[in-house]
Structure formats: C-alpha cells, structure tokens
Protein chains: 4
Amino acid sequence: MTYADRMTEAAPSAPSPRRRDRAATRAALLEAARLRFSRQGFDGTGVREIAADAGVDAALVFRYFGSKEKLYAEAVHVEIPQGLTDGPPRPLTRVTDELLYDVVFGDWEKFDGEHPLLVMLRSAHRPAVRDQLRDRLCDGYLRDFAERLGGGDAALRAELIGALLLGMGVMRSVVGSPALTEATFDETRLLVARLVRTLTEPRADGVG
Amino acid sequence: MTYADRMTEAAPSAPSPRRRDRAATRAALLEAARLRFSRQGFDGTGVREIAADAGVDAALVFRYFGSKEKLYAEAVHVEIPQGLTDGPPRPLTRVTDELLYDVVFGDWEKFDGEHPLLVMLRSAHRPAVRDQLRDRLCDGYLRDFAERLGGGDAALRAELIGALLLGMGVMRSVVGSPALTEATFDETRLLVARLVRTLTEPRADGVG
Amino acid sequence: MTYADRMTEAAPSAPSPRRRDRAATRAALLEAARLRFSRQGFDGTGVREIAADAGVDAALVFRYFGSKEKLYAEAVHVEIPQGLTDGPPRPLTRVTDELLYDVVFGDWEKFDGEHPLLVMLRSAHRPAVRDQLRDRLCDGYLRDFAERLGGGDAALRAELIGALLLGMGVMRSVVGSPALTEATFDETRLLVARLVRTLTEPRADGVG
Amino acid sequence: MTYADRMTEAAPSAPSPRRRDRAATRAALLEAARLRFSRQGFDGTGVREIAADAGVDAALVFRYFGSKEKLYAEAVHVEIPQGLTDGPPRPLTRVTDELLYDVVFGDWEKFDGEHPLLVMLRSAHRPAVRDQLRDRLCDGYLRDFAERLGGGDAALRAELIGALLLGMGVMRSVVGSPALTEATFDETRLLVARLVRTLTEPRADGVG
DNA sequence: TATGAATGAGCATTCATTCAT
DNA sequence: TATGAATGAATGCTCATTCAT
C-alpha cells in the first residue's frame, strides 16, 4: 500500500462529545475539514475522515454542507482582511510587510499553519477551487493593490508583488526551502521592502 | 519553442506500430503519463487512461514502473538544465532572463505547455511529489544560484528570486491572473531584471 | 444524474396554516403521500419529500404511521366503491362501463390522475403492496363481479374482464400505447361492451 | 427492519467457480441479474447481490456492463419471437393462442417464471425501463398485430387484445388472482379465442 | 407532543493493483 | 512476456429511522 503516507493522526481537538448541538457540530466539522484539507488537499481527504475527527457521522457533512465540495469551499473561506488600501493610511511597504507576515510567516493555526491561499493552491487542479482562488487573489488582494500603485503597468507590477509573496509562501510551506524556512520575518522584510520599492518608485531610466 | 532547446524530441503520437519492443512501450507510457499528469495532476489521472493513450494494457504500468507513484516520479523527472552558472559566462540578469522565459513564458510541449516545476507543484500535496520538487528546486536551481550571488544572505536572496519566478509561474498557469497572463515576455523581463538587480547590487543604504 | 426526471415540484397546497392539530397533520401527510407515491412509486419517494410537502417534520411520519410502508398502505387505501352489484339494478355492460371509466379513463385527482389500482401496480414488486393489491382486486371487485355472472367458470370469466380493464389501464398509463391513449371513452366502451357480452351471454357453440 | 421481505436465497445455479473466463462470467452475471431483477425489481436489487450470486466481485458488473441500468437493459432483453404475422400462415386465434401461452402460462425459467414484459412492468417507473417496455410492446408485438387486423380502429382493437393478455399476465403473476392462477391453459384459451374473434369478425350491428 | 440532530447501513461506482494464463 | 480478468477497499452520497430535548 503506497498510500500510507496519508497522515492518520486523530483530531487534535474534538473537545467534548457535544451532542444535538447544530452550531457546535457544524463548527466541529468545519474545523476538522479545515485541518484535513490543509494537510492533505481535497482529493486526499475523505468525508469519513473529517466526520471521525469531528466525532460525528459522515452523513452530517451532507446534511450541513450539501457536498464535500461545498464543505471545502466554506472551510477555506476566510473574510478577506480589508487592510490593504483601507484602514489608516500607511506607506505601501507597511502594507506589504503585513501581507508578508500573513502569507509567508503567519501561523494560521486553523489551517495547519499555512495561509488559506497556499492551502487552496494545493487543490487548485479542481476548477471550483481554482475559481475560488482566483477570486480571492485577483479580485481581492491584487485589485486593491494595483489601484494603489500608479502608472500604466500597475496591474502587472501588482501581480509581480503578489507573485513574490505567493512564491515565498510556496517556498516556505510547500517546498520547504531552507533559507526562507529558517529566515526570520525581520531579515526578510527588509529585502522584500527593497523589492517593493523597486516596483513602486518611478525610475527615470527605464532600463531593464 | 523554449528559450534553450534542451528538451530532446520524441514521437508526439506513436499511433500505429503495433508490435513494440520494451523500450518503446516504456517510452510511450512515460510520454502519455507526462501529458496526463501535467494536464490533470496526479489524483486526476488514472493509470488506465495513461495506458490507453499509450495503446497498451494498464498492467504494464506496474510491470515497468512498479506503481503509479513511481511512474509519476519518472515522468516528471527532467535533467536539470545546466544553464545557470555553467556554460559561457554571462551576466546574472541574463541568467534570470533565461529562467523567466523557461519557467513562466516557455512552452514545454512535453508537459502540456508548462514548466515541470509548476506541474509538480500542482500535485505537491503528495509527500513524494513534494520531496521530488524540493530536490529539484533547492538542490538544483537554487543552490547554484546562491553560489553565484555573494554576501551573507546569498541563499535567502537566491530563494527570493526563485520565489518570484515560481510565483509568477503560479500566477500565470495556476491562478490565471490577468495582467501576467496577457503580458509579453519583453514587458516582463525589464521589471524582473530590475528586481534581480535590486537583490544583486550591494546597496550602501541597508534600509529596508 | 439520470434520475432527474423525478418530479421535484413543491406541493401545490398546504401552504400557510402553521399550527395544526393532530388530525389535520395526519391528513396532510396522507394527501402528500398519495400524490408522491402515485407519481413516483414507493421506491422513488422519500419520507422527507412527503413531510416537506405537508409542511411538517419527517419524524412525524413514524410517529403517526410507524413506517414508510404503513404510510403507503394507508395512503393508497380507498373504500371500495359499492357500484358493482350494489346500487340500483342495471345491466352488466352498464357496470363494466362504469368500471372502464373509473379504471381506465377516470381522472383520480387525489392519485395524480390514475386509478389507485394502477398506482399500486406500479409498486407491486413490494410484497406488502402486492398483498394489498390482491385484497382490493380479488376480494373486492372480482368477487362481487363473479357472483353477478353465472355459470361454472364465472370466476375465471370475471377475472378475464378484470384483466382486460386492468390491462387497458396499464396500456394507457404505464406503457403509454398510442391508440388507447388517444382513444375516447365512447370509442372504447363499444368494443369493451362487445367483449363483455361475449363472456356473458351463454353461447350454444362451446367452440373456442 | 421492515425490509426483510427482500428474498435472500442464494443463487440456484452458480455452478462452477469458473475463473478468468470472460464469457462465462458475463453470462453468470446476466443470469443472476435476470433472476434478481425478475424477483425484486430494479430498485430492490443491488449489484453486490447480483455479483454474489454469480460468485464474482461487484466491480465486474461495471467492467462488463457499464452500469446497473445497462445491465438491466441487457438482462431483460430477449429476441422478440417473430411468430406473429411471420412464419407459416395460420389463423389469428392460433397466434393469440401462442401469445397467451407465452405471456400468461409460459414458465420463463430464466426470468423466475414470468414473461419478461411482466418483469419489466415491475420496474416501469424508471423511464429507461418504460421506454424499453413500450418499444418491445408497441413497436414489436402490437404493430404487427394491428396490421393483421383490418378496419379503421385496427390499432385500438390490437391494443385491446394486448391489454387482455398483458392484464391476464398481471393477474396471474403479479396479483395472483385465484381463478386465473388455477386455470389450465386449455380452459382459458377457449375464452380468449372467443374474445379475439369478437374483435376480429366484422359485426353488422355496431352496437356496443 | 413535536422537532430536528444524529445515526448507520446501504447505495452505485471507481481505482490501483494482483494474478492466472 | 504481456494480456486482461479479477479483486477489494475506498469513494461520495442517500435513506429510513431513532433519540434526545
């Protein structure tokens, strides 16, 4: 059996055998789903596994969420933090600092340590997940970001910054590259800030 | 056509020749597997599908490769191109130019149009794939790259460049972000070169 | 989903009157069950569907009726109409006329347009339904009918008439055969009357 | 458990543990399916049951037939006997005699004793089965039959004969009505022949 | 009493894999 | 050696029914 690499640890939480509590059961399923999907991706996770983690019957997944796919969509959904262009005015490098922390260095406990965008990336071969990812990334983060930048190729430069941050997240959490994994947030933010400024400040010489 | 034509050709179809020798059958399976895995990822591809594409029985996958997982490993394996620090000496931005073309803009026919690293990323939720990806990326590209860069945090800066390129590939092929998808190679390389120089040139001001 | 032809329209009635007494709820369940079972058969109907039509919880089905099977039995039960040999005396062809109308051409609103016998026939693979059907048909219609006919093989001839009428109902509503579906009641009754007389009138020549 | 009425007898045949014999396995599955479907209808039969009867794994149902529905279609398919208007010329009552025997009195061993039309009737709530039934009945038996009869309402009279025979089959095998169940073929054919003649012979008086 | 949360057996179907030939 | 028949565990999902409240 070559599929033994699937992690089989029990649910870390599953606190009380709460019974007959709709909200709590739903929440327990969502929490279990988040963790499993984060670790194992969509295809690698079974609904029975999730239900067992939550301590309930698998049929409740369908009662409460309709399908595995909808459970996934709801599990990886997070309210997009408004903090890009909204909130108190602050310099762009401050904004990217926050994003860097969130996406790359943040410890998203509920998602097994990774940013939900990276979690979704892991199951992005599914069209539904891909769409969700695109919405969150392009219509969420990047659009606001591009508006903040000026110039004709604002969208492209915004996506480059997005690519950098996303790529760093991939490097750390998916690939596990050594330098980024061991680097501290402070070491990294200086480099990132320099890169962001490079894309932000208008350069008189347009030389590549 | 890729920047450096390092892919060796192979029959694109191999339709009719019924009687095949062992080597040809193996090659046909590998080619079919490469295309299917690239398009559909590991989980989304069945061994019967691959075998049917190759015109042979599915049992041969196990006879020749032992398991689906090992077939995958062999299918996505490509000899790491020597073109980073080897070859004729050329400026670093030229090297990253080549990498940008390969990873982000290149058309890898044998992998259905994408760089094998992106293909692997798509199935990276599997520990085996993840390990393979890490080896290829860290011990392959990034190590050579870091040696080329000087300074104390060379490895980190090398990974940042790697993250940028990998992130751009993800943006284009997985996420499908609009600006990067529509941008031309030439529009993009100027921006990337600027970023690379930012990480390369020693800056007197160490401000982040 | 190849079974999408299952009708999914909501209940046409039972809209608003929230608070109901026991009797009204029971009646609402029965009515909903009758319609659903008539349309979709026993296996094709779920208790949740019925309960939803009636506007109550599915558990009430079990509280009131014990099981889906018992609900079915009660739903398709109708008082056998007395109109065969009872009532004012009238010729036998008149009686079969009435039966023809009832079974084949009648519009049984409460059973979605079909005679309950045909409805039951549709789920007659269930032993319980089959028993109910046999009781209704043999101990109900056919016994009275046979008494009306004279002669040694009265029972057999009665069953032949029953078979004709039942078969016509099957042809129209289950099979959907073209001629019987489009024929009018008046076109048909002449032929049926002739057949009935054939079985009724003593024939001098006993030739088959 | 109110569903205990499902018959659970083992397969009567399952002769040899024939292994690795495509044709024999296919045939064993078909035979088991025919019996189970005949007894229990489409919904009441599981593919595991069928496979167990045939002594093989349930997955083979899908390997050989694609789906449960296709297995059903193939299981209840019989070559329609040409013997209505084809073959040596013979009087119509002789033709109906044959049909009577086939549909009502014949012992179709492979279908658990019933004519396949009656078997299909049992699962006719499924659109696919219904279509198959209609094809077999209307386009098969009845069309040829109507051509044989003359007159303006030939189709209607043909369907009346069909209804009679089908209804008799239902009475015997589904309802289990006593007289028809106990009657001999010879007792019955005389009555049926009289009925057929009634519909065949032109009557000067068109009175119903 | 009536609600609705929970259950668990069951469903058809798919899959990588093995084994007889 | 290579074919393809056979396997069995796992998949997502549905259902009638029960039980706590």
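Each chain gets a letter, A, B and so on, in the order the sequences are listed, and its residues count up from 1.
- Between A:D43 and A:R126 there is a salt bridge, since at least one side-chain N of the basic residue sits less than 4.0 Å from a carboxylate O of the acidic one.
- Base-pairing analysis of DNA chain E finds the following stems of at least three consecutive Watson-Crick or G-U pairs, with both pairing distances under 3.5 Å: E:2-21 with F:2-21.
- Under the 30°/60° scheme for interplanar angles, the aromatic rings of D:F37 and D:F42 are found to lie parallel.
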Could you list, one pair per line, each protein nitrogen or oxygen that sits under 3.5 Å from a nitrogen or oxygen of nucleotides 18-21 of chain F, together with the distance?
residue : atom : partner : partner atom : Å
F:dC19  : O2   : A:R20   : NH1          : 3.1

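- Look at C:S67 and you won't find any side-chain N or O under 4.0 angstrom from OP1 or OP2 of F:dA16.
- Atom CG in D:L60 sits roughly 14 Å away from atom P in E:dT13 (whole-Å rounding).
- For D:A54 against D:A32, the heavy-atom pair with the smallest separation is N-CB, 4.2 Å.
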Table please: side-chain donor-acceptor pairs of residues 55-64 of chain A below 3.5 Å, with sequence neighbours left out.
residue : atom : partner : partner atom : Å
A:D57   : OD2  : A:A59   : N            : 2.8

* Test side chain to side chain contact (heavy atoms under 4.5 Å, CB included) on D:R39 and D:F111 and set out the steps. => CA-CA 8 Å; D:R39 275 185 213 147; D:F111 292 87; over 6 Å; no
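- Atom-to-atom, CZ of B:R48 to C1' of E:dT13 comes out at 12 Å; the value is rounded to the nearest Å.
- A:T45 places a side-chain N or O within 3.5 Å of a backbone atom of A:R36 that can act as its donor or acceptor partner.
- Looking at heavy-atom distances under 4.0 Å, C:V47 makes contact with a base.
- Residue B:R130 comes nearest to A:V174 through the heavy atom pair CG-O, 3.3 Å, listed as atom of the first residue, atom of the second, then distance.
- C:Y64 comes within 4.0 angstrom of the backbone, heavy atoms only, and of no base.
- Straight-line distance from the NZ atom of C:K70 to the P atom of F:dA16: 16 Å, rounded to whole Å.
- Going from atom CZ of B:R36 over to atom P of E:dA16 covers 12 Å, rounded to whole Å.
- A donor-acceptor pair is defined here as one N or O able to donate and one able to accept, closer than 3.5 Å; such a pair exists between the side chain of A:E49 and the backbone of A:G46.
- One interatomic measurement links the two molecules: CZ of D:R22 to C1' of F:dT7, which rounds to 16 Å at whole-angstrom precision.
- As rounded to whole Å, 12 Å separates atom P of F:dT11 from atom CZ of A:F42.
- Atom pair A:F65:CZ and F:dG12:P shows a separation of 15 Å (rounding to whole Å applied).
- Nearest nucleotide to the B:K68 side chain, out of E:dT17, F:dT7, F:dA2: E:dT17.
- Scanning both residues, C:V76 and C:P116, for their nearest heavy atoms gives O-CB, 4.2 Å.
- For B:E49 and E:dA16, the CD to C1' distance is 13 Å, given to the nearest whole Å.
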